[in-house]
Amino acid sequence: MRVEEVEVIIHPDGRVEIQVFGAEGAKCLDITRDLEAALGNQIESRTMTTDAVSTVQEEVAARETAHTGRG
């Protein structure tokens, strides 16, 4: 079983940085949704890791293949 971790960094200037480890694809967005809402949903920027991006791209490609029947 994969362990998912959330690291929250509060900077001296008040900025909050959230990092998710161990989540596949866009699952990190689901994991942080409630925390982001509690902080006011004022997202200045979001950076997906290369693992998350590649996993999402694979999921999209698999859905497209299943939908079109090509593969």
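Reckoned from all heavy atoms, side chains included, excluding hydrogens, waters and symmetry mates. When a residue number appears, it is its place in the shown sequence, counting from 1.
Taking both residues in full, the closest heavy atoms of A23 and C28 are given as CB-N, 4.0 Å, listed atom of the first, atom of the second, then distance.
Residues I31 and L39 are members of one and the same hydrophobic cluster, defined by side-chain heavy-atom contacts under 4.5 angstrom among Ile, Leu, Val, Met, Phe, Trp and Tyr.
By the side-chain hydrogen bond (donor to acceptor under 3.5 Å, both in side chains) test, D34 pairs with no residue at all, sequence neighbours left out. The salt bridge (Lys or Arg N to Asp or Glu O under 4.0 Å) search around E36 returns R46, not counting sequence neighbours.
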All N/O donor-acceptor pairs, side-chain side in residues 3-20, below 3.5 Å, sequence neighbours left out:
from, atom 1, to, atom 2, distance (Å)
E4, OE2, K27, NZ, 2.7
H11, NE2, E17, OE1, 3.0
D13, OD1, R15, N, 3.0
D13, OD1, R15, NE, 3.3
D13, OD2, R15, NE, 2.9
E17, OE2, Q19, NE2, 2.8

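Between the CG atom of N41 and the CD1 atom of I43 there is a distance of 6.0 Å, given to the nearest 0.5 Å.
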